[in-house]
Amino acid sequence: MKIKCLLVMPGKEVQRVRIPANIKFIKALIGEHLLNIRANQNNIIIANQNARNDEFNRFFQGNILYGTFIVVSLKKNKRTSMKKKDIRKFSNMFKLSKHQKKIERFKEEFLEEYYYQQRKNKQKNRKHNKELIFKNAA
């Protein structure tokens, strides 16, 4: 059985797609380790738990979602097609234009912090290696 859902990929607009409802297909599409986030009473976001940290996608409830994810409806704990009003609501919520500036700003801050930590670790390792060399030479 195919269900209507929303596919949200990094750097691309939200797409309405029909996919098989089985978990095997969803794992092949998103990734092996799935993370279910309750969006509201009837809908969940299924994302990859091990998505790379540089694949910034969208913000949701103050948190950043990494990598590709889908939004599906639930009925009695089974994945079902989304209703038209939910599709409209989440399509509007995850519009690329609404998130792009925030994501770019977050990415710059993240990369700045990342490279700062890399330089700091490099200096620490350099100092540690120097101490080891002098210790072994003595």
Side-chain angles (χ1 to χ4, degrees):
M1 180 178 92
K2 290 195 173 193
I3 58 171
K4 286 185 226 168
C5 67
L6 294 177
L7 174 66
V8 187
M9 297 189 301
K12 296 189 178 175
E13 275 301 334
V14 179
Q15 299 172 19
R16 189 176 65 196
V17 294
R18 290 178 59 88
I19 63 169
N22 65 357
I23 197 73
K24 195 173 186 179
F25 180 83
I26 293 173
K27 283 184 176 183
L29 179 66
I30 295 174
E32 210 43 48
H33 303 282
L34 300 178
L35 174 67
N36 293 331
I37 303 165
R38 177 75 63 184
N40 61 21
Q41 189 176 0
N42 301 326
N43 299 295
I44 62 167
I45 296 171
I46 302 175
N48 185 358
Q49 195 169 14
N50 296 337
R52 294 194 334 240
N53 284 347
D54 61 348
E55 284 185 1
F56 303 105
N57 196 343
R58 304 290 200 277
F59 280 98
F60 180 70
Q61 296 178 343
N63 298 315
I64 192 153
L65 297 171
Y66 297 99
T68 301
F69 64 89
I70 60 173
V71 183
V72 298
S73 287
L74 281 182
K75 191 171 189 177
K76 297 180 184 175
N77 289 332
K78 292 192 179 203
R79 290 172 294 284
T80 60
S81 289
M82 293 179 72
K83 295 177 182 170
K84 286 183 181 181
K85 71 174 189 169
D86 288 334
I87 289 174
R88 245 189 335 271
K89 175 184 173 183
F90 286 102
S91 292
N92 191 32
M93 182 188 295
F94 290 125
K95 266 189 183 169
L96 184 62
S97 59
K98 288 185 174 185
H99 294 266
Q100 204 160 17
K101 286 182 182 178
K102 290 180 194 174
I103 294 292
E104 290 302 319
R105 192 170 343 126
F106 185 82
K107 188 185 269 187
E108 287 173 15
E109 291 173 11
F110 175 82
L111 291 175
E112 191 174 300
E113 177 68 23
Y114 174 77
Y115 288 124
Y116 171 75
Q117 288 298 327
Q118 291 288 22
R119 284 192 301 272
K120 196 172 172 182
N121 288 340
K122 207 178 231 184
Q123 288 173 349
K124 184 178 171 183
N125 288 340
R126 201 177 294 143
K127 184 178 177 184
H128 180 71
N129 289 342
K130 200 176 197 181
E131 289 173 359
L132 280 177
I133 290 171
F134 284 120
K135 192 175 187 181
N136 290 339

- prompt: Taking S81 for the side chain and K4 for the main chain, is one N or O donor matched with an acceptor at less than 3.5 Å?
  reply: yes

query: To the nearest 0.5 Å, what is the distance between OG1 (T80) and NZ (K83)?
result: 8.0 Å

message: Applying side-chain contact (heavy atoms from CB on, under 4.5 Å) to F56 and I64, what does each step give before you reach the verdict?
response: CA-CA 7 Å; F56 303 105; I64 192 153; 3.5 Å; yes

- request: Could you tell me whether the side chains of S73 and N43 share a donor-acceptor contact shorter than 3.5 Å?
  value: yes

- request: Write down the atom of T68, the atom of P10, and the distance for their closest heavy-atom approach.
  value: OG1-CD, 3.7 Å

query: Would I44 and V71 count as a side-chain contact (heavy atoms from CB on, under 4.5 Å) if you check the C-alpha gap in whole Å, the side-chain angles of each, and the deciding distance to 0.1 Å?
result: CA-CA 6 Å; I44 62 167; V71 183; over 6 Å; no

Contact summary for I70 and V72, nearest pair of heavy atoms: CD1-CG1, 3.9 Å

query: Within the distance-only criterion (no hydrogens, no angle test), does the side chain of N57 pair as donor or acceptor with the backbone N or O of V8 below 3.5 angstrom?
result: yes

field: Rounded distance [0.5 Å steps], CD1 in I19 versus CE in M1
entry: 10.5 Å

query: Which atom pair, heavy atoms only, marks the closest approach of R58 to M9?
result: NH1-O, 3.5 Å

query: What heavy-atom pair brings I30 and A47 nearest, and what distance separates the two atoms?
result: CG2-C, 3.7 Å

- prompt: Counting N and O atoms only, with roles assigned by atom type, does the side chain of R79 sit under 3.5 Å from a partner on the main chain of L74, one being a donor and the other an acceptor?
  reply: no

Shortest non-hydrogen contact from G31 toward L34: O-CD2, 3.3 Å

task: State, to 0.1 Å, how close I46 and I26 come at their nearest heavy-atom pair, and which atoms those are.
output: CG2-CG2, 4.0 Å

statement: In this structure, CG of N36 is separated from CD of Q49 (nearest 0.5 Å) by 9.5 Å

query: F69 and F94: aromatic ring centres closer than 6.0 Å?
result: yes

query: Can you check side-chain contact (heavy atoms from CB on, under 4.5 Å) on C5 and V17, steps first, answer last?
result: CA-CA 6 Å; C5 67; V17 294; 3.7 Å; yes

field: Residues, nucleotides or ligands: over 12 heavy atoms within 6.0 Å of R38 CZ
entry: yes

Nearest-0.5 Å distance that lies between atom NZ in K127 and atom NZ in K124: 10.0 Å

message: So, taking the atom named CE in M82 and the one named CZ in R16, what distance separates them when rounded to the nearest 0.5 Å?
response: 10.5 Å

- request: Could you list the residues that satisfy ring pair (Phe, Tyr, Trp, His ring centres under 6.0 Å) with F59, not counting sequence neighbours?
  value: F106

message: The test is side-chain contact (heavy atoms from CB on, under 4.5 Å); show your working for I23 and K27 and say whether it passes.
response: CA-CA 6 Å; I23 197 73; K27 283 184 176 183; 4.2 Å; yes

message: Nearest 0.5 Å, please: how far is NZ in K78 from CD1 in I3?
response: 12.5 Å

